[in-house]
Amino acid sequence: MKIFNVILSGGVGSRLWPLSRKQHPKQFLKLFSGKSLFELTAERNSSVVNEIMVVGNTDHIELSRQLLKDIALPQQFITETQARNTAAAIAFAALAVGHDDILIITPSDHLIQNQESYDRAIKEAIDLAKRDFLVTFGVVPSKPETGYGYIEYEGKDVLSFREKPNTETAQEFLDRGTFLWNSGMFCFKAGILLDELRKWQPEVYDTCLETWKLSKDNVIDSNASLRIPSISIDYAVMERSKKIKVIPAHFRWNDLGSFESLYDYLRSSGHFVDDNGNMIIGTDIFTAFVGMKNCILVHTSDAILILQKEKSQDVKKVYNQLEKYQSTLR
């Protein structure tokens, strides 16, 4: 039995445009003491795994190789030629290893602090995975966050999964104390995951298996993969299986999916904020905010974004417009 850290690296990070771009998304931005979230993810798990596996798209796989060159662990890379969501990405990882090998599934764009608490949670999850459970990690919430899904729990049992709530519902979840943020991290035996996928989503399982057999050198066959239903692992398996356990995690966790969360991190790290809570990212050009509060100015060589911090989730609409018109700025 081997333990793999499967790093999912297919996202664009559209809510962090213009810092995050299609060709160089947020997980590869060196914003964290000269390192990227992708590098931090691999380093964080390197002490507990035997091998690193990256599942990423054609545009990013070579960059992934370069960023991992200094980590002294065996590595393999699965190249997705078509984006088919997390159920397919994780299925390919499971098909690439042995039935009893354990996969620790981690997105590549999360910031996690408190390594000691993180290591405890991982070891606890591995113990449960060895007993054939599918383990998800739920982060103890620190505020009524509307950008995350939630897990209702009791002990290590999952009672329900909840979609991203509105502010009122998020506050209710926080007050009740029986809800965790859904981190998108998992741990399980490869074979158990595949068995559950075949049970709950046979079409996804069958098309993934067929596609994997047609693929060469861990490069997923493009035409075959288009037949795979695009569905998340949460919908496909985690919300249906009777083998789910949750680890309530006490480490500091942030998926840095918006400028509001990036603002909070940068501010805590000493990044300058003026007396009215305004922040500048990406330039040393003198900039003054007049009559504005809690705003962020983001500067790149070819774009400027100005936003109200609380409207961070709406940045995706800008990216979607650029995508619609096939703009070179996306």
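Because the structure is predicted, anything quoted here is derived from the model rather than measured.
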Check whether Ser232 reaches the backbone of Thr86 with its side chain - one donor and one acceptor, N or O, closer than 3.5 Å. no
Is the shortest distance from a Lys or Arg side-chain nitrogen in Glu145 or Lys164 to a carboxylate oxygen in the other one below 4.0 Å? no
Stepwise side-chain contact (heavy atoms from CB on, under 4.5 Å) test for Gln313 and Glu260: CA-CA 8 Å; Gln313 299 293 332; Glu260 185 169 15; 5.8 Å; no
According to the interplanar angle, ranging from 0 to 90°, do the rings of Trp181 and Trp253 count as parallel (below 30°), tilted (30 to 60°) or perpendicular (above 60°)? tilted
Should the pair Lys22-Asp59 be classified as a salt bridge under the 4.0 Å nitrogen-to-oxygen rule? no
Cation-pi between Arg15 and Phe259: NZ/CZ under 6.0 Å from ring centre and within 45° of the ring axis? no
Face-on cation placement of Lys243 at Phe133 ring, 6.0 Å and 45° thresholds: no
When you check the side-chain N and O atoms of Ser261 and Asp264, is any donor under 3.5 Å from an acceptor? no
For the residue pair Trp200 and Tyr235, is the inter-centroid distance of their aromatic rings smaller than 6.0 Å? no
Under a 3.5 Å distance rule, please check whether Ser312 uses its side chain to pair with a backbone N or O of Lys309 as donor and acceptor. yes
Determine whether Thr41 and His110 make a side-chain contact, defined as any pair of heavy atoms from C-beta on separated by less than 4.5 Å. no
Check ion pair Glu152-Arg176 (N to O, under 4.0 angstrom): yes
Go through Thr178 and Glu154 one step at a time and tell me if the side-chain contact (heavy atoms from CB on, under 4.5 Å) criterion holds. CA-CA 7 Å; Thr178 57; Glu154 184 177 333; over 6 Å; no
Salt bridge Lys293-Asp274, side-chain N to carboxylate O under 4.0 Å: no
Any Lys/Arg nitrogen of Asp101 or Lys2 sitting under 4.0 Å from an Asp/Glu carboxylate oxygen of the other? no
Ile304 and Val298, any side-chain heavy atoms less than 4.5 Å apart: no
Between Ser46 and Glu43, a side-chain donor and acceptor under 3.5 Å: no
Heavy-atom donor-acceptor pair, Ser269 side chain to Tyr265 backbone, under 3.5 Å: yes
Is the number of heavy atoms from other residues, nucleotides or ligands within 6.0 Å of CG (Asp175) greater than 12? yes
Quick check: does any side chain N or O of Thr136 sit under 3.5 Å from a backbone N or O of Val246, one acting as donor and the other as acceptor? no
Starting from Val54, can I reach Ile102 by hopping between I/L/V/M/F/W/Y residues whose side chains sit under 4.5 Å apart? yes
State which residue, out of Thr211, Asn57, Val219, fulfils the side-chain contact (heavy atoms from CB on, under 4.5 Å) condition with Thr81. Val219
If only side-chain N and O atoms count, and only distance matters, is there a donor-acceptor pair under 3.5 Å linking Asn218 with Thr79? no
Hey, mind stepping through Ser14 and Arg330 against side-chain hydrogen bond (donor to acceptor under 3.5 Å, both in side chains) and telling me if it holds? CA-CA 8 Å; Ser14 56; Arg330 62 200 163 99; over 6 Å; no
Between Arg65 and Glu62, does any side-chain N to carboxylate O distance fall below 4.0 Å? yes
Would you check, one step at a time, whether the test side-chain contact (heavy atoms from CB on, under 4.5 Å) holds for Val158 with Tyr153? CA-CA 5 Å; Val158 174; Tyr153 78 110; 5.5 Å; no
What verdict does the side-chain contact (heavy atoms from CB on, under 4.5 Å) test give for Tyr148 and Glu163, after you've listed the backbone C-alpha separation in whole Å, the side-chain angles of each residue and the deciding distance to 0.1 Å? CA-CA 8 Å; Tyr148 304 150; Glu163 296 293 328; over 6 Å; no
Do Gln82 and Ser222 get their side chains close enough for a donor-acceptor pair, meaning under 3.5 Å? yes
Between the side chains of Ser117 and Arg252, does any donor sit under 3.5 Å from an acceptor? no
Is the backbone of Ala87 close enough, under 3.5 Å, to the side chain of Asn85 for a donor and an acceptor to pair up by distance? no
Salt-bridged, Glu124 to Arg120, with N to O below 4.0 Å? no
Against the six-membered ring of Tyr150, is Arg162 placed for a cation-pi contact (under 6.0 Å from the centre, within 45° of the normal)? no
Hey, are Glu51 and Gln76 close enough side-chain-wise for a donor-acceptor pair under 3.5 Å? yes
